[in-house]
Each structure stands twice: as structure tokens, then as C-alpha cells.
Number of protein chains: 2
Amino acid sequence: MPVRTLTEREKNILGLVVKAFIHDAAPVGSRTLVRRFGLELSPATVRNTLNDLEEAGLLEQPHTSAGRIPTDLGYRVYVDVLMSPVELSLGEQAVIRDAISGEIHGYGRDAATILDQTVRALGDLTRLLAVSLEPRLEKGIFEKIELVALGGPKILAVLTIAKGFLRTVVLELDARVDSDSLHETAQLLNERLSGLPMRAIRESVRERMRDASAGDPKILKLILSNSEELFALPSTEGNIHYWGTPHILVLPEFAEPERIVSLMGALEEKDVILRILGRRRGEKGLTITIGEENREGEIQFCSIVSSHYTAGEGSGTVGVLGPTRMEYSKLVSIVDYTARIMSEVLEQVVYTADKGKDSAIVREDRSR
Amino acid sequence: MPVRTLTEREKNILGLVVKAFIHDAAPVGSRTLVRRFGLELSPATVRNTLNDLEEAGLLEQPHTSAGRIPTDLGYRVYVDVLMSPVELSLGEQAVIRDAISGEIHGYGRDAATILDQTVRALGDLTRLLAVSLEPRLEKGIFEKIELVALGGPKILAVLTIAKGFLRTVVLELDARVDSDSLHETAQLLNERLSGLPMRAIRESVRERMRDASAGDPKILKLILSNSEELFALPSTEGNIHYWGTPHILVLPEFAEPERIVSLMGALEEKDVILRILGRRRGEKGLTITIGEENREGEIQFCSIVSSHYTAGEGSGTVGVLGPTRMEYSKLVSIVDYTARIMSEVLEQVVYTADKGKDSAIVREDRSR
DNA sequence: GCTTAGCACTCTCACCCCGAGAGTGCCAGC
DNA sequence: GCTGGCACTCTCGGGGTGAGAGTGCTAAGC
């Protein structure tokens, strides 16, 4: 969306309108502007400029004879051109750092817990809705598989995927198996598949295992018939962690219950949030989408400031969601810093691929 | 709370008031009552009875010259004495059954997914907030442990606990280990510990493993120093699955934003919901708590109809949360049926103990 | 003695009106 | 190009009002 070049005065006034509106949530008029910011201009002059900015599509009036409020485009210009990031205080940095890297009651820390703590701190600090996607692999190199007899006809397949990912799948055979043949079969698989990309394995595992000499053929068959799931790339879907709905639901922007409904619906349904944040997994660095720039209609009255973080070979997204009227200049710094610290901390953690909340069961008879 | 014996007429009228109020969310007066339900009484007579019920603490007036609304105690009497469960239609049964036992895009089904689908169906069917706690073990018998080398210094401990529970914990040693010594160590552990209650193992694992002859002493030490976590009973905490906030947030009961805030806070914080539902894990069968009966202040304007379900040796809770003005007679049947089907379906599923969303990492040097 | 009709009274709610306040656009003059 | 002045517009809150619903009380009826 091309915007005509703005004069210095226009830029200045646009910036002031945005700042004032972010603060007050009320339309801002020429008089207020002059008084509050000590402008060396008369209200009438400012009015002319406001009019120009309105024609350029950057401001709008809720009704005749109200003040102006920024449009989505107005925020966009503000964010891209006018705003300068606010540096974080040491205290704020500490809040974020401690939340992400702090110990919790003596237990081991896993990715999900770290994300939980992060969104908690981020949500409370910004008093908005903090959201984060669990890390996912972009490309996966198969390291190895281990097969563990669970007792009865159930087998646990443990896959390690470079780097630091773990997948466990419960498979079910129609007969007991002894752990020697499990071990042997796993070894065979590892010999032939280790180091290959998951994608390649899915496509060619049958050929690669064709003339298998060792190993238990029943087990091998079970593996092959479930190879699509076993060797899937960790799915692009994943868990969402969020925190802070109480913060944003009281904002004047959520006075209309229908907005509450669509936002909460989007959070529960997860798809919307996943699409929006997932889309950014690829984009490095910080992203800001404002209002209608969010393709998803459910939250077109919201803005999102989010950033990409890495976790070993995987990557995820962390950000803050709120009404378009949010303190972008501050949030940019906060989110950026958060993502940075997350990347540092998550470097070391092993985490499960896919939802991994429970072990999925795959029965033998599901083979085609 | 002892309530004086009610006359037939009082019971009848109390029931009608509750029914009418559940339907309309508006105070109900004598005239309405007579007209709507074709009572063979004059409004004046009904008024006298209403007055009596008010004195008994079962009804109240929002203000003089408004109709009556039920008090929490009024609902309690209704639920305990007056109400008879409404049978479910076959269609409703099918909705629930299909959601719980239905296949999903060809993948294996795990407990978490089943719970997700269940609360989704339950929330949409009742148009309230459906909540469920993942199944937890009440007493745990240790079956066996397997140790899998993950590559590098990391080891995956896979514990199976009777019946159908799985726990995976990532342990970290300061040196590489070969899988033979892992296997040997695991075998030793299994020989001495298999069949014992988790609790007993936590208390006496050191003595039991004292004169260990086989196995790698470093690995054994790692296991011992993390025995509290490894052999913990699956924690009483767990994941909450819920669905339906958009349904209830639009109800007139949630007109005041502070209620939205406290409910959403409770859902995000999880503790409140966990306490309320967790408390019932022990109680078999169906439970109804109404308004202030919920000890937790945050949701004293809500009622919960919940039931206990089993999953192998484990058990969990499923229920519906809404304003005290809810269709108890219908919900009782729905929740009861849901819990029953869940118990059937979950009988077969293997699920992870504890949060298990990711594998926890326990480093060797954390030993005391 | 329970039930009922009648009546006076109360309280809420929706509606309307009105004035204050904030803000605008425009125009003429500096 | 900027500014002061002016007429105009729109929202918002307060106050008044009447309809509607409901109550409690009392006295009369079955």
C-alpha cells in the first residue's frame, strides 16, 4: 500500500496522534494535541494537517466532530517510519530472563514448561496476551530408532532426530515379541537409515529395507506400514501456549462481546493462531501485523508483535497479541529480547517432536 | 444445610421458578408462573408461597417488586429433591459417542487427543464450558524400566507403570555410555524392583540396590539420585482440557467484565480448576457443586456438573462449567453418559504419566 | 382457614429532552 | 501560510416521565 510522502509536520502530528491515542483510547483533537504536547501552532493549523492525514488514509473520525484515531495504515506508517524502539530497563530484562532461565522447584525443565513460564512473564509484563508456539523442526535428519518392549503386545518406538528432538510412538503387534528381535530389527533400521532426511525415508523406506536379512519380519512390517507417521517431519502444528486473556478482555476494545467471542474462539480452536504464528516461523526476526493485515477475520481488530526463536535445529514463534492500539515501540524491544533469551536457553533442551503430549498408539492392523 | 420440609405446593412452585429462570434468565413473578404453567391457583396465592420460599432461603428478590430468582440453596434443593434427569436422545448420544470413539485422520489416538475431542463435543453440545482432567494413577505398580541411549551423554528412561502408563525422562550423564551397560543396569533394576509400588521404591530404592553387583555404577548412581522423580507417583496435577469459553462468555451472567476476568484467570492459572476437579477424582460418580459451594472464590457464580471416569488403573474427571443458572436435569445425563463412554474408550489407551508434554531433562550433577 | 380480588405502592427500564463539552470546517484577515 | 473567529455537529450524562411488572396487604368469599 503506497502512501504519499509525508511532510515533516505531518509525520510529527501523526506520531503524536498515535501516541496520544495509544495512551488514552479516546479520539484526539487538535486542541488537545496543541496543549498536551506544547505545539507551536494553533489548533486551526493542526486541524488542516489532521484533515490532510485523514485524506491520506492514515487517520479517521469515528463521527463528525469527534477527534481523530489512527487507521491500520496509520499505525503501519507509525511503526515503519516514525517509531523508535524503547530500550528495556534492567528490571524488565531481569523479569524476562529470570522467567525463561529460572529454575522451578528442582525438577528438570522441558520446552513446554519454559514456554509456559515465558508467556506468563511476557503476558504480565505487557499486560497483553502473550502467545508462543512450541519449537518445530524445519528439516529433520533421522538419527536413530530404538524399540522397547512395553510388556504385552505393545512396543515403544523411540526416534531421535537431529538435533535434540525425540519422538515416541506406541506400536501394537498381535503377538508378544522378545527384546532381542526388537533390538536386532532396530539395529538393521539404523544401519540403513541413519543420517538420512526424514523425507527421504518416508519416500524410499520400502526399497531400502527390501532385502532385509536380519530382524523380525513382523516387526519390520509393522514399522513399514506405519512409516508415514514414524518418519513424518515433526508436524507444523503444535501446541500453543498463551497467557493474559484477563489482561486484554478488560480493555475498552473488548467492550463488544462479539470480539471476546471471536478472540476466545480463535484461541481455543488454535487453527487461527497457528496459521498466523506458523506463517512466521519461516521469517527470521521480528514481525508486526496490524489489524486487517491479519488475514484471519476473527482477529482483525488486533495487532501482533512476534518474533522467531530457535531451539537447536528447530524454531518457533513468540509474541504478544492485543488491540491495534498497543505500545508498539515498547513491545518491539520486549518481544525481541524475549525471543533472544529463549533461543539461548532452548539451545540445550531435548524436546519431543509433534504434540507428544501422550504417546500415540498405532495398531498393527492399520497397515494397508 | 438443613432446610425445613417443604409442602407439595412449595416443592412444585420452587421447581417451576427454577425451570422458568433457567430458561429466561429473568426474575419470575407470580402472574407469569400461573399463566405460563397453567396453575389452578390465583397469583395472590402463589405470591404467598413465593414469600414462604423466600423466607426459607430458597428464593430471593433482586429488588422489591421484582420477581424471584433461586438462591444457591434453592438450586441445591431443586437438584437434590425435585429434579429428574432428562434422558438423552439417540442423536445426542451419538454426538458424544462419535466424538470420543471416532477416528481422527488416520493417526493413532492418545489420551490427550481423546480428551480434546471430548470437551469439544461436550462444550458445543451443552453450549457451556466443558472441562476435563487427564487421567492420573491413584496407586502405581512399577512394571519395568528401559534405558535407551539417545546419543551423546543423554539417556532416555522409559518406565511402564501398571496399568497402561508410560513415563519418559531424559537423563544426562557426563560421559558416553554403551547400550550394553545400560541394558544390564536396567535389567538389574527390573529384577529387584518390578512389581513393587512406586511409593515403596521411592522409600527404599537405595537399600534395595545397595549390594549391586552387575550394571554400571555411574548409571545406577544417576538413577538413584533421581529416584524421587523417576518413581514419583504420576502427579496429581495434570493437564486441563477445556472448550467453550465463547459459549458462556456471552451469557448475561458474564455481563460484568470482572467475572470474565476471574473465570479466564482461573482457567489460565489452572490451579483453581485443578483443585476443584481434582478434589473429585476420588469421589466416584457424578458431583454437582452450585455457586458458593465452590470454595474457590473466583468462580462462586458458577456451577459445575462433573463426573469421574476411569482409564485402566487411572482416573480423571470430566464435566461442564457454567453459570448457576444451567439446565441441571439435562447436564446430569450428558455428563454421566460422557464419563461412561470415556471410561470404555480409555480402557485401551496407553498414556504418559505426568505432564509428559516434553521429556524432562535431569542432569547428573543435580544429585545431592 | 385457605383462597382470592382489589388496591396502593415500588422499582426498573426505555425513552426523550436538554445542555455542556469537545471538536470540526470554513472563511476572512494578517 | 498561519490564525482567530464562528457556526455547526455530535456525543454523553443527567433528569424527568410513563409503562410495565410485580409485590404486600386487607377484606371478603367458599
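All chains are named by letter (A, B, ...) in the order of the sequence lines, taking the proteins before the strands, and each is independently numbered beginning at 1. Everything quoted here is computed from the prediction, not taken from an experiment.
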Residue-phosphate contact under 4.0 Å: B:Arg31 side-chain N/O, C:dT4 OP1/OP2: no

When B:Leu331, B:Ile304, B:Asp80, B:Val305 are each screened for side-chain contact (heavy atoms from CB on, under 4.5 Å) with B:Ile288, the one that passes is B:Val305

Could you tell me whether B:Asn51 contacts a base, only the sugar-phosphate backbone, or nothing, with contacts defined as non-hydrogen atoms closer than 4.0 Å? sugar-phosphate

For atom CD of A:Gln61 and atom C1' of D:dC8, their distance in whole Å: 13 Å

As an exercise, state the distance from OG1 of B:Thr71 to CD1 of B:Ile69, rounded to the nearest 0.5 Å. 8.5 Å

Would you say A:Ser42 places a side-chain N or O within less than 4.0 Å of OP1 or OP2 belonging to D:dT3? yes

Can a donor-acceptor pair under 3.5 Å be found between the side-chain atoms of A:Arg47 and the base atoms of C:dG25? yes

A:Ser333 side chain to A:Val86 main-chain N or O, any donor-acceptor pair under 3.5 Å? yes

Rounded to the nearest Å, what distance is computed from the CZ atom of residue B:Arg36 to the C1' atom of nucleotide D:dG22? 15 Å

Side chain B:Gln300, main chain B:Asn294, donor-acceptor under 3.5 Å: yes

Euclidean distance, atom CG of residue A:Asn48 to atom C1' of C:dC26 [Å, nearest integer]: 9 Å

Given that B:His63 and A:Glu54 both sit by DNA chain C, which one's nearest nucleotide is further toward the 5' end? B:His63

Within the pair A:Arg68 and C:dG25, is there a side-chain N or O less than 4.0 Å away from OP1 or OP2? yes

Which residue lies toward the 5' end of DNA chain C, B:Ala44 or A:Arg35, if each is placed at its nearest nucleotide? B:Ala44

Would you mind classifying the nucleic acid contact of B:Thr64 as base, sugar-phosphate or nothing, using non-hydrogen atoms under 4.0 angstrom? sugar-phosphate

Give a yes/no answer on whether the side chain of A:Ser30 brings an N or O atom under 4.0 Å of OP1 or OP2 in C:dG23. no

Between the base of D:dT9 and the side chain of A:Ser65, is there a donor-acceptor distance below 3.5 Å? yes

Write down the distance between CD (A:Glu60) and P (C:dT24), rounded to a whole number of angstrom. 14 Å

